[in-house]
Amino acid sequence: MKNDIIESAEVIVCSPGRNFVTVKVTTKSGHIGHGDATLNGRELAVASYLENYLCPLIIGKSIFQTEDIWNYFYKGAYWRKGPVTMTAIGAIDVALWDLKGKILETPVYNLLGGKSRNKMLAYTHANGKDIDDTLKRVEYLRNASYQAIRIQCGIPGIEKVYGIGEKGAYEPAIKGNKPLEESWSTHKYLNFIPSVFEEVRKEFGADLHLLHDSHHRLTPTEAARLAKDLEPYHLFWLEDVVPAEHQESFAQIKHKTVTPLAVGEVFNTIHDAQELITKQLIDYIRMTVSHGGGLSPMLKIAHLAELYHIKTGCHGPSDISPIALAACLHFNTAINNFGIQEYMGYSEVTEEAFPHEYYFEDGHLYLTEIPGLGVDFNEDFARKYPYEKAYLPVNRLEDGTMFNW
Ligand code: EZ4
Ligand code: CO
């Protein structure tokens, strides 16, 4: 087909509102496609992987060969998997799907399976410093039409806790040359968290969908205790209870509780989730398109999960760009087993850098009929904000032991 040959591939690292790594692929015919390669706190590693190894190799290839190009990079590198590699491959893959849509003049979802739904249930975060503050934030979000809310709360006796920022806006990466240090006590956390959900249910009733993220901090036994303690509050899901290097950990949890389990935001290949899916140890797979190697492999993961009653819940923090979020929305629209989409919104500067068609309304996210992903990159504007080094926090137990963040 004419129009489909790649002429250039460029990586733009900048900080419009926060750091983002954007891939721009241009065809000989002058069409432009974008992919997001942002990996929070490790941005330059992905940019280097793209600039030095992937971008030069796609010149002259056809944008339609997404499956072959993906495998060329995945199998062809010999060194497989890992967040840096897979985010880089994913950014190219998404940019090519964006181009396919633009050249064929159709939304990307039409190329992935077509429209399976008209709108997508979204959840956002209520991060309160204490129970009263949490209740106020839930009230605010409910008035803003959210029907699903992730609840995080400061823990009495712990100074800095995951998800609870100084200001309102959520941004875990802190600018500077050294990570911030947070602290942790599983004992205090487990004793306190069920009371937060008790209060939220008392105040807001049974209809609201409630979610919670343990951010990889529990052992399987502790996770089972939390999941059982939360059963009376009927969570939509309990997320990342244990670090998931051992997929079999989930068997110990799953077989003890009916609280739905979600995991996967740090996964990057189907192999990270294969046992969780085929043994039905989770309820939601949270891999996201940009960190999961792109749309091509994510479709395979969704289709495998569909066979085992597992739904999707793509990670959608504000540290992936609107390009990556839009890629998730096209993926969500096309698959049958969509569950929910995380949505935190963006700063005004980020919104201006990435003008987009998708929109939030009445608790849901919507796509339009525009060809491609429906996100633009306002490059001149974005380049006015140069990259600034920022790290995710690290986490220590109260006695100083290095722990999981
Ligand atoms: O820690 O996006 O569910 N969401 C999360 C996020 C992640 C950050 C990492 O960059 O767990 O807050
Ligand atoms: Co999470």
Side-chain angles (χ1 to χ4, degrees), residues 15 17-21 36-46 83-84 86-87 90 122-128 137 146 148-154 160-175 179-180 182 184 189 193 209-218 223 226 235-244 250 260-268 272-273 276 282-292 312-322 324-325 328 339-347 350 389-395 403-405:
S15 193
R18 71 166 336 280
N19 289 325
F20 290 112
V21 179
D36 175 37
T38 309
L39 185 64
N40 205 0
R42 293 293 185 271
E43 294 86 359
L44 300 184
V46 186
V84 174
M86 300 314 294
T87 302
Y123 76 91
T124 197
H125 300 183
N127 306 315
R137 286 168 194 250
Y146 281 97
I149 303 178
R150 190 190 85 161
I151 311 278
Q152 307 293 131
C153 185
K160 292 196 189 78
V161 178
Y162 163 74
I164 316 301
E166 308 286 310
K167 296 165 267 147
Y170 169 85
E171 176 53 79
I174 307 292
K175 285 176 198 159
L180 177 84
E182 294 185 351
W184 185 248
Y189 169 77
I193 279 296
H209 296 300
L210 302 180
L211 301 82
H212 179 67
D213 190 347
S214 296
H215 226 250
H216 315 276
R217 289 169 184 205
L218 307 177
L226 178 65
L235 266 59
F236 186 96
W237 80 38
L238 178 60
E239 171 178 338
D240 288 349
V241 274
V242 291
F250 276 82
L261 302 172
V263 72
E265 65 182 49
V266 301
F267 294 174
N268 46 74
D272 296 324
L276 293 172
I282 55 172
D283 300 272
Y284 294 91
I285 178 72
R286 298 205 61 250
M287 290 178 66
T288 199
V289 173
S290 58
H291 300 152
T312 64
C314 288
H315 191 210
S318 45
D319 51 74
I320 62 172
S321 88
L325 182 67
C328 291
I340 198 166
Q341 175 64 52
E342 185 176 27
Y343 175 63
M344 297 164 53
Y346 293 98
S347 70
T350 302
K389 190 162 203 166
Y391 279 103
L392 283 171
V394 296
N395 195 23
F403 197 57
N404 317 313
W405 179 68

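Ligands are counted one by one from 1 in listed order, and the atoms in each one are counted from 1 as well. Side-chain atoms are counted along with the backbone in the values below, which use heavy atoms only and exclude waters and symmetry mates.
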Backbone N/O of [Y] and side chain of [X]: donor-acceptor pair under 3.5 Å:
{"X": "Glu239", "Y": "Asp213", "value": "no"}
{"X": "Asn404", "Y": "His216", "value": "yes"}
{"X": "Arg150", "Y": "Leu211", "value": "no"}

Open item on the list: Applying a heavy-atom cut-off of 4.0 Å, say which part of Tyr123 lies close to ligand 1: side chain, backbone, both or neither.
Closed with: neither

TODO: Quick one: look at Asp213 and ligand 1, take heavy-atom pairs under 4.0 Å, and tell me if it's side chain, backbone, both or neither.
DONE: side chain

Hey, is ligand 1 close enough to [X] that some N/O pair sits below 3.5 Å?
{"X": "Asn40", "answer": "yes"}
{"X": "His125", "answer": "no"}
{"X": "His215", "answer": "yes"}

Looking only at protein heavy atoms, identify the closest one to [atom] and say how far it is in Å.
{"atom": "atom 5 (C) of ligand 1", "value": "Tyr162 OH, 3.1 Å"}
{"atom": "atom 9 (C) of ligand 1", "value": "Asp319 OD2, 4.0 Å"}
{"atom": "atom 12 (O) of ligand 1", "value": "Tyr170 OH, 2.1 Å"}
{"atom": "atom 7 (C) of ligand 1", "value": "Glu265 OE2, 3.4 Å"}

Evaluate the side-chain proximity of [Y] to [X]: yes if any heavy-atom separation is below 4.5 Å, no if none is.
{"X": "Val84", "Y": "Leu39", "answer": "yes"}
{"X": "Ile320", "Y": "Phe20", "answer": "no"}
{"X": "Pro322", "Y": "Thr350", "answer": "yes"}

Taking only heavy atoms of [X] into account, list the atoms of ligand 1 that are under 4.0 Å away from them.
{"X": "Glu342", "result": "3 (O), 4 (N)"}
{"X": "Glu239", "result": "3 (O), 4 (N)"}
{"X": "Pro317", "result": "2 (O)"}
{"X": "Trp405", "result": "1 (O)"}

Describe, in one word, how the ring planes of [X] and [Y] are oriented to each other, choosing from parallel (under 30°), tilted (30 to 60°) and perpendicular (over 60°).
{"X": "His291", "Y": "His315", "value": "tilted"}
{"X": "His209", "Y": "Phe236", "value": "perpendicular"}
{"X": "Tyr189", "Y": "His212", "value": "parallel"}

Open item on the list: I need the minimum non-hydrogen distance between Gly264 and Asp240, along with the two atoms involved.
Closed with: N-OD1, 3.7 Å

Task: For the student: nearest non-hydrogen atoms of Ala173 and Leu392, plus distance - done: N-CD2, 4.1 Å

Task: Near the Co ion (ligand 2) (cut-off under 2.8 Å), count of protein N, O or S atoms - done: 3

TODO: Taking the six-membered ring for Trp and the single ring otherwise, decide whether the centroids of Tyr123 and Trp237 are under 6.0 Å apart.
DONE: yes

